[in-house]
Number of protein chains: 2
Amino acid sequence: MSLDGQLPPKMRLLRAAAELLANSAGASVSTRQITQLAGVTAPTLYHHFGDKEGLFDAVVAAGFEEYVAGERDFAPSGQPLEDIRRMWDNHVQFGLKQPELYLVMFGNIRPESRPAIVADAEALLEEMLTKAAAAGQLNVQPREAARSILAANVGVTLMLIAEPAAERNLELSTMTRDAMIFAVSTEQAAGASPEDSGKSSVVVAAIALNAALQASHSDQLSSSELKLFLEWLHRISTSTSS
Amino acid sequence: MSLDGQLPPKMRLLRAAAELLANSAGASVSTRQITQLAGVTAPTLYHHFGDKEGLFDAVVAAGFEEYVAGERDFAPSGQPLEDIRRMWDNHVQFGLKQPELYLVMFGNIRPESRPAIVADAEALLEEMLTKAAAAGQLNVQPREAARSILAANVGVTLMLIAEPAAERNLELSTMTRDAMIFAVSTEQAAGASPEDSGKSSVVVAAIALNAALQASHSDQLSSSELKLFLEWLHRISTSTSS
DNA sequence: TCAGTTCATATAGCAATGCTATAGGTGATA
DNA sequence: TATCACCTATAGCATTGCTATATGAACTGA
């Protein structure tokens, strides 16, 4: 079978690569397989993508588009933390639905190659977490919370992918998810956690104000005042000692 | 340079492969590079390891021995949860010290190939968590806790590896670590403070910060800075627009 | 001591891989 | 028609993982 049709060769190459990548259980996919399935010869591939890795990057980029679309494609519930849960679940589902693609995206991250995807995924989470912070529901900076949650999310998804599909236990996901969200949220504020007993109230309030200010542009302060104000606010909200 | 010496060829192959794998920044290592560095010809490799992947598996196994040794190599503090923290940190340190090896071990996990390593790492954690459970410090089953903590641990380590070494922020690790441990432990009994749920305006946040600042004297701002800061805060919190 | 057996290494080479130098074909524009 | 940029194909190179076969070394039993 070949992916002929009226599609331009560039598209056919992308689809062929995606299909072979998705069905190759870890085995390496050769350019010859791809070009044959696409009904195209080798130079066409290198003309359009320069490289085998270039083609794979394009496939990953397409997959990432799909992922982002999924992350955005539900109505905000009004409860940011609930939306975070859905984003988490969507992330896991994406990984389980396209494990090979996911492994290329998040399993082989190397310092020099592709922190871009990670940064984008973080930004998605951070965006939603900022709303939570604005509602006073966040314990830490939205950015730090996003990094932490994403890390756990990736780890859980990789673990689930590694398991045979039959015995996958999604409880691992929900449990870890709720643990992370609970840890960054203020629901626990009165708790006995030893290290944040001193910082909590001031820092939480500062973080919330910071997020709220950035969401709604208050005109009570001039721009220069606001700049200095935000700087001080940042200083307070990043303080760790009481 | 070659790894000659009195070592048997099998060892030389292992060391050569480990060294090349450690220094190859993601690039693929060829059998010819390995055999040349080991001062050996190709059939020797296949005689001892059968396969290129067989050799790499052996390298991974050796690396895993080192990892396990590190996980066991500290005296139990008597506080299981504190020991879990050290195991977490040791895991991260191992990943950062040998990133390429770590990526092979935990980044490329595929359902059919190697859940063995994951299972062993889980068992290490579970062993310690069982002690915590015996001391009544655990909220969930040790096995579930181990799976969850390991997943987050792997995710965090992968994220840190993906970052340029210069700007690695280990706070991501400690924060996620404590979040996970806190979530599975029984320490969290204290109640929540649902008073400020639902509102998100700048004013509310400013008022909260104002109150919090006056309650606890933060030393992040000088007194003159603080005075001006509070004035602005007052201006914001008395504004009429939401 | 010496044939037999087993283990370990080397020589030479195969098929498959990623990639490319070069040339041919196509359509739009002048 | 002629030109020119763009896209694709033919053929082949260097490198890859791997192996069929042969040679050496070390030990065994007589």
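In what follows, chains carry the letters A, B, and so on, assigned in the order in which the sequence lines appear, proteins first and then strands, with residues in each chain numbered from 1.
A:Ser30 comes within contact range of the sugar-phosphate backbone alone, with a heavy-atom separation under 4.0 Å but no base atom that close.
Separating the CZ atom of B:Phe49 from the P atom of C:dA8 is a distance of 12 Å, rounded to the nearest angstrom. At whole-Å resolution of the value, CG in A:Leu20 and C1' in C:dG18 are 16 Å apart. To the nearest angstrom, C1' of C:dC19 lies 13 Å from CD1 of A:Ile34. Rounded to an integer number of Å, the gap from CZ of B:Arg32 to C1' of C:dG13 is 10 Å. The separation between B:Gln36 atom CD and C:dT9 atom P is 18 Å, rounded to whole Å. Atom NE2 of A:His47 is separated from atom C1' of C:dG18 by 18 Å (rounded to the nearest Å).
Taking a cutoff of 4.0 Å between a charged side-chain nitrogen and a carboxylate oxygen, B:Arg85 and B:Asp178 qualify as a salt bridge. Ion pair A:Arg72/A:Glu127 flagged as a salt bridge, since at least one NZ, NE, NH1 or NH2 atom sits closer than 4.0 Å to an Asp/Glu carboxylate oxygen.
Positionally, the nearest nucleotide of DNA chain D for A:Lys10 lies more toward the 5' end than for the other of B:Leu45 and A:Lys10. Taking for each of A:Pro43 and B:Pro43 the nucleotide of DNA chain C with the nearest heavy atom, the 5'-most of the two is the partner of B:Pro43.
The strand DNA chain D forms stems, runs of 3 or more Watson-Crick or G-U wobble pairs with distances below 3.5 Å, at C:1-30 with D:1-30.
Scored by the salt bridge (Lys or Arg N to Asp or Glu O under 4.0 Å) test, A:Glu126 finds A:Arg143 as partners (sequence neighbours excluded). For the side chain to side chain contact (heavy atoms under 4.5 Å, CB included) test, residues two or more places apart in sequence or in another chain that qualify with B:Ala17 are B:Ile34, B:Leu55, B:Val59. Scored by the side chain to side chain donor-acceptor pair (under 3.5 Å) test, A:Ser148 finds B:Thr176 as partners (sequence neighbours excluded). With sequence neighbours left out, B:Glu66 forms a salt bridge (Lys or Arg N to Asp or Glu O under 4.0 Å) with no residue at all.
Chain B approaches DNA chain D over the interval D:dT16 to D:dA20, counting the first and last nucleotide 5' to 3' with an atom under 4.0 Å from its heavy atoms.
Checking the phosphate oxygens (OP1, OP2) of C:dC7, no side-chain nitrogen or oxygen of B:His48 falls inside 4.0 Å.
A donor-acceptor distance shorter than 3.5 angstrom exists from the side chain of B:Ser77 to the backbone of B:Gln79, with no hydrogens or angles considered. Checked by atom type and distance alone, the side chain of A:Lys52 never pairs as donor or acceptor with a backbone atom of A:Tyr46 at under 3.5 Å.
Taking the six-membered ring for Trp and thresholds of 30 and 60 degrees, B:His91 and B:Tyr67 have ring planes more than 60 degrees apart, a perpendicular arrangement.
The side chain of A:Gln33 sits closest to C:dT17 out of C:dC19, C:dA10, C:dT17.
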